Amino acid sequence: MALDLERARMRAREADAALACGESWGPLHGLPMTIKDSIEVAGMPTTAGAPELRDHWPATHAPAAERAVAAGAIVFGKTNLPIYAGDAQTYNAVHGTTRNPWNPERTPGGSSGGAAAALAAGLTGFEIGSDIGGSIRNPAHYCGVYGLKPSYGVVPSRGHIPGPPGTLSESDLGVLGPMGRSAADLTLGLHVLAGPDEWDARAYRMTMPPSRHERLGDFRVGVWMADPSCPVSRDVDARLHAAVDAVARSGASLDPHERPVDGAASFAIYLRLLYGVLAGSFPEQVLKSLDASATRLADDDQSLPSNLVRGASQRHREWSRDHEARTRLRAAWHDYFREHDVLLSPIMPTTAFPHDHSEIATRSIAVDGVTLPYFQMIFWAGLASVAYLPAVVAPVGLAADGLPVGIQIVAPYLEDRTAIRFAELLAEEIGGFIAPPGFA
């Protein structure tokens, strides 16, 4: 974790003096916070966990960081992540391994694992993370905090690494969003961060709709808790169903049967689009090998490794076909949300797993004795990501192993406030954030 304590203390004194004079800098006035080390902050190194970027000191803030500072926040440090934000764990050669405050032998998740661990341990008051494959949401689940993956495009992602430093274009699928210890933190963070980039702000403003409802019992709730593409452990499933039962007791309408999309088909499209984004940073020799492998794939082979190869080696015409398929998924979700207000699902199949720093391509994950490919875990995150939908992960208690469980709350496109408000109302029914033992 990189720190900038001297400047932070100076700004804190200035914030106190301003308050004494009746002056407010904005909704985050004087709030001490950290920012994930993939998001550029002027005056501090932004390494993305990569040794070759150890001395990368940006001259300007990323727009999201600038908005937090302009709203009065005091950024005192950067939080850890896996190298180039590319793992569901958090370790690298620059800042070492981040541990889960609930159990130091377990991962805090990734890639915003340092952010979630710092929030859970009370080391920071607010965070900005990033998410393309659950990187805000899985650490929120593993560490028992709140995270919002906003609707795609509502928070500028310029100034994020990857791409390379200085990249001006915004990648497909990836978003930046707030993390905190309550749903109210997400509301505040969305208020500060959302809005068009300066290039677009000449012509339009963003007015996000309010929550569809203000009482939990008024929500029409879809429930998707099981899918053969990614089984969920009995312990996680038990906590999730306890939360669903609380929603039912509130009087909300529950629909556990209708599915907005076919899970396996959605995941296949998501993987091809995701790996198309990630391949932009692959070495040329790796791309040549993937191109050669792609010619040998059977058309009906939609396995995770095959879709990695397809996505990384695709031509633009193939991307266009997948983009059309993704748009049809978005249309199906749009129709689904005519009759439903939110959809509840898992975000990861297990609680936080032990650190595993083995070769990433050979890793697996065990779910009640069933072995899954490592990246099969992102199935549930991909449902919202591929369709550009907002999704909140909110803590719903502890599993039998004493580790946190989070529930994913997916809402209609641009209706982020509906997902946040549902999380807030759910906490009133079952409780929200719990500090890890020793960190109260």
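What you see is a predicted model; the values in this text were computed from it and never measured.
Rounding to the nearest 0.5 Å places CE of Met33 at 9.5 Å from CG of Leu119. For the atom pair Asp37 CG and Ser111 OG, the distance stands at 11.0 Å (nearest 0.5 Å). Here the CD1 atom belonging to Ile360 is positioned 3.5 Å from the CZ atom belonging to Phe375, to the nearest 0.5 angstrom. Taking CD1 from Ile74 and OG1 from Thr34, the interatomic distance works out to 13.0 Å, rounded to the nearest 0.5 Å. One distance of note links CZ of Arg106 with CG of Leu403; it measures 5.5 Å at 0.5 Å rounding. In this structure, NE2 on His141 lies 12.5 Å from CH2 on Trp380, to the nearest 0.5 angstrom.
Looking at Arg158 and Glu66, no side-chain N of the basic residue comes within less than 4.0 Å of a carboxylate O on the acidic one, giving no salt bridge. Between Arg421 and Glu214 there is a salt bridge, with a side-chain nitrogen of the basic residue lying less than 4.0 Å from a carboxylate oxygen of the acidic one. No salt bridge links Asp237 with Arg234; every basic N to acidic carboxylate O contact stays at or beyond 4.0 Å.
The backbone N or O of Ile347 sits nowhere less than 3.5 Å from a side-chain atom of Asn138 that would complete a donor-acceptor pair. Formation of a donor-acceptor pair under 3.5 Å by the Ser266 side chain with backbone atoms of Val261 is not found in this model. Side-chain N or O atoms of Asn92 include one that pairs as donor or acceptor with a backbone N or O of Leu81 at under 3.5 Å. Although no hydrogens or angles enter the test, the distance criterion places no donor-acceptor pair under 3.5 Å between the side chain of Arg220 and the main chain of Ser253. Checking side-chain atoms of Glu324 against main-chain N and O of Arg321 turns up no donor-acceptor pair under 3.5 Å. Using a distance-only test at 3.5 Å, with no hydrogens or angles considered, no donor-acceptor pair links the side chain of Ser157 to the main chain of Glu170. Not a single donor-acceptor pair under 3.5 Å links the side chain of Glu127 to the backbone N or O of Ala116. Under the 3.5 Å distance criterion, the side-chain polar atoms of Thr79 are left unmatched by any main-chain donor or acceptor of Gly114. Judged purely by atom type and a 3.5 angstrom limit, Asp185 has no side-chain atom pairing as donor or acceptor with the backbone of Phe126. At distances below 3.5 Å, at least one donor-acceptor pair connects side-chain atoms of Arg67 with backbone N or O atoms of Gly195.
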- Task: Might you work through the side-chain contact (heavy atoms from CB on, under 4.5 Å) test for Leu389 and Tyr413, ending with a clear yes or no?
- Result: CA-CA 5 Å; Leu389 299 173; Tyr413 180 61; 4.0 Å; yes
- Message: Using side-chain hydrogen bond (donor to acceptor under 3.5 Å, both in side chains), reason through Gln89 and Tyr374 one step at a time and then give a plain yes or no.
- Response: CA-CA 11 Å; Gln89 302 177 73; Tyr374 186 69; 3.1 Å; yes
- Task: I would like to know whether Leu216 and Phe422 meet side-chain contact (heavy atoms from CB on, under 4.5 Å); could you show each step before the answer?
- Result: CA-CA 7 Å; Leu216 191 61; Phe422 186 93; 3.5 Å; yes
- Item | Stepwise side-chain contact (heavy atoms from CB on, under 4.5 Å) test for Trp102 and Ile434 | CA-CA 10 Å; Trp102 285 91; Ile434 304 170; 4.1 Å; yes
- Item | Criterion side-chain contact (heavy atoms from CB on, under 4.5 Å) on Val367 and Val232, from CA distance to verdict | CA-CA 7 Å; Val367 182; Val232 176; 5.7 Å; no
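Annotation: side chain of Met179 is in contact with side chain of Ser112 (closest heavy-atom distance under 4.5 Å). Residues Thr107 and Thr90 fail the side-chain proximity criterion, which asks for heavy atoms closer than 4.5 Å. Proximity of Ile136 to Leu148: side-chain heavy atoms (C-beta onward) are nowhere separated by under 4.5 Å. The shortest distance between side-chain heavy atoms of Met44 and Ile35 does not fall below 4.5 Å. Considering only heavy atoms from C-beta on, His355 comes within 4.5 Å of Arg99 through its side chain. Phe219 places none of its side-chain heavy atoms less than 4.5 Å from the side chain of Val247. Side-chain contact between Thr371 and Ile365: absent, with no pair of heavy atoms (C-beta onward) separated by less than 4.5 Å. Proximity of Trp224 to Gln408: side-chain heavy atoms (C-beta onward) are nowhere separated by under 4.5 Å.
No donor-acceptor contact under 3.5 angstrom links the side chains of Thr47 and Lys78, judged on distance only. Looking only at atom types and distance, the side chain of Arg137 has a donor-acceptor partner in the side chain of Ser385 under 3.5 Å away. Side-chain atoms of Ser233 and Asp235 form no donor-acceptor pair, as typed in the model, at a separation below 3.5 Å.
The environment of NE2 in His257 is sparse: at most 12 heavy-atom neighbours from other residues, nucleotides or ligands sit within 6.0 Å. In this structure, Glu429 places its CD atom where more than 12 heavy-atom neighbours from other residues, nucleotides or ligands lie under 6.0 Å away. Annotation: His56, atom NE2; neighbour count of heavy atoms from other residues, nucleotides and ligands within 6.0 Å is above 12.
In terms of heavy atoms, Tyr84 sits closest to Glu52 at OH-OE2, 2.8 Å. The two residues Met208 and Leu414 make their nearest non-hydrogen contact at CE-O, 3.6 Å. When all heavy atoms of Pro260 and Ala332 are compared, the closest pair comes out as O-CB, 3.4 Å. For Ile269 against Ala325, the heavy-atom pair with the smallest separation is CD1-CB, 3.6 Å. The nearest pair of heavy atoms linking Pro162 to Ala85 is CD-CB, 4.4 Å. Contact record, Ser38 with Ser130: OG-OG, 3.7 Å, taken as the closest heavy-atom pair.
The aromatic rings of Tyr152 and Tyr388 sit parallel to each other, their planes meeting at less than 30°, with 60° as the upper class boundary. Between Tyr336 and Trp333, the ring planes lie perpendicular to each other; the angle is over 60°, past the 30° to 60° tilted range. The aromatic rings of His357 and Tyr91 sit parallel to each other, their planes meeting at less than 30°, with 60° as the upper class boundary.
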